[in-house]
Amino acid sequence: MFAVYADSFSTQDPLSGLVVGERPDPEVPPGWTTVTVKAASLNHHDLWTLRGVGLREEALPMILGCDAAGYDEEGNEVLVHAVVSDPDWSGDETLDPGRSLLSERYQGTFAEKVAVPRGNVVPKPASLSFEEAACLPTAWLTAYRMLFVQGGLKPGETVLVQGAGGGVATALITLARAGGLRVLATSRDEAKRARALEIGAHEVYEAGARLPFRVDAVMETVGRATWSHSVRSLRPGGTLITSGATSGPQLDDAGLTRIFFLQLRVIGSTMGTRGELAALASMLDATGVRPLVDRTLPMDQAREALAAMAAGELFGKIVLTR
Ligand SMILES: NC(=O)c1ccc[n+]([C@@H]2O[C@H](COP(=O)([O-])OP(=O)(O)OC[C@H]3O[C@@H](n4cnc5c(N)ncnc54)[C@H](OP(=O)(O)O)[C@@H]3O)[C@@H](O)[C@H]2O)c1
């Protein structure tokens, strides 16, 4: 079948290991099923995979992609939950120590078909297009859990979103606004700051700028480049939720003194549960809020799409279609 996959790793030139070609049809273990992919969205995770972060050489060749929307074997319109936990695991799938994401241990979604455990198939609301639905399972689910589950944020509270242009960041801004929060956002880029206002931010600032007031919570996916600013931007007792480190995990100043003296809370967040994915889909269905799609390309143009993400030339999600 047609597939986009990693054949080798390179930290310096991640796209050098990318192949747009053919792979065997998926093997379907007992309890698993296949989904015919109509749309899949890119995540920074796909670049980490091409760099060799999170999977071993023996796993190659590995089809890229965590997210998909398409048809199940009965022809129903579905979403794929990307977190694969042990079949015997019960409760929050993200807390299973043995869990993996599609494209880490099991083949990913940038293909004609993807095999997933039956329980990972979630109904797609008819009101969402395949392209919109394909944005939900990783970036939008991560944003939903950061804000409303790990952050426990309530209407009227204030939140700062760092690095406004990314897939997770645009989801954070849109969902926070829909959830009744006061939303501040930073970006390195003036045009991205302007667009952040359009999608729901109340106020935007240059990366690292001093804010006029301290916020209840900060949503962090950037890491080294923004961490100190995030810690400095919180009110006493405020909460920093971290789910990524695009600019690197090595911190110049972790802000420990501020963290203990101001009694800040630092909470990690990863993906979300199947139930949270279903709740997110219902929230979009009910509110009319939609993922911001930067561009849609045919899946055989995956190289161009990944190059744009590597260069940071995006605002929102890039979607690949079949
Ligand atoms: N834990 C999880 O479950 C989970 C799930 C999804 C994503 N993530 C992680 O979250 C991060 C974002 O993912 P994504 O898919 O949204 O990526 P993306 O679409 O490529 O976005 C990258 C973001 O990083 C910002 N950025 C990059 N370099 C920066 C720098 N030097 N200084 C300031 N900002 C910088 C960009 O902001 P501006 O260009 O606007 O400044 C942009 O918001 C990745 O590290 C990813 O691995 C984690």
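Counting convention: from 1, in listed order, for ligands and their atoms alike. Residue numbers start at 1 and run along the sequence shown.
- Seen from the ring of Tyr71, Lys38 does not count as a face-on cation partner, given the 6.0 Å and 45° thresholds.
- Contacts of Ala245 with ligand 1, taken as heavy-atom pairs under 4.0 Å, involve the backbone alone.
- Using a 4.0 Å cut-off between a side-chain N of Lys or Arg and a carboxylate O of Asp or Glu, Asp294 and Lys317 do not qualify as a salt bridge.
- Remark: minimum distance from atom 43 (O) of ligand 1 to any protein heavy atom is reached at Gly163 O, 2.3 Å.
- Each of the following atoms of ligand 1 lies closer than 4.0 Å to a heavy atom of Met271: 2 (C), 3 (O).
- Scanning Thr142, Val83, Thr246 for the heavy atom closest to atom 22 (C) of ligand 1 points to Thr246.
- Near Ser269, the atoms of ligand 1 lying under 4.0 angstrom from a non-hydrogen atom of the residue are 1 (N).
- Near Ser243, the atoms of ligand 1 lying under 4.0 angstrom from a non-hydrogen atom of the residue are 1 (N), 2 (C), 4 (C), 8 (N), 9 (C), 48 (C).
- Which parts of ligand 1 touch His44 is read off a 4.0 Å heavy-atom cut-off, strictly below it: atoms 13 (O), 14 (P), 15 (O), 17 (O), 18 (P), 20 (O), 44 (C), 46 (C).
- The nearest pair of heavy atoms linking Glu131 to Val319 is O-CG2, 3.8 Å.
- For Gln162, no nitrogen or oxygen atom sits less than 3.5 Å from a nitrogen or oxygen atom of ligand 1, counting backbone and side chain alike.
- Looking at ligand 1, you won't find any N or O of Ala139 less than 3.5 Å from one of its N or O atoms.
- Only side-chain heavy atoms of Val222 come within less than 4.0 Å of ligand 1; its backbone N, CA, C and O stay farther off.
- Within the structure, ligand 1 lacks Gly312 among the residues with a heavy atom less than 4.0 angstrom away.
- Atoms of ligand 1 lying under 4.0 Å from at least one heavy atom of Lys192, given by number and element, are 39 (O), 40 (O).
- Here Trp48 and Phe9 keep their ring centres 6.0 angstrom or further from each other.
- With respect to Arg258 and Asp253, no salt bridge is recorded, no charged nitrogen being found less than 4.0 Å from a carboxylate O.
- Shown in contact with Gly244 at under 4.0 Å from a heavy atom are these atoms of ligand 1, numbered in order with element: 9 (C), 10 (O).
- Of the candidates Met146, Met309, Arg188, Arg145, Arg188 brings a heavy atom nearest to atom 41 (O) of ligand 1.
- Close approach to Val168 involves these atoms of ligand 1, each under 4.0 Å from a residue heavy atom: 6 (C), 7 (C), 13 (O), 16 (O).
- Ion pairing of Asp86 with Arg99 is absent here, as no side-chain N (NZ or NE/NH1/NH2) approaches a carboxylate O to less than 4.0 Å.
- With a heavy-atom cut-off of 4.0 Å, Asp189 does not touch ligand 1 at all.
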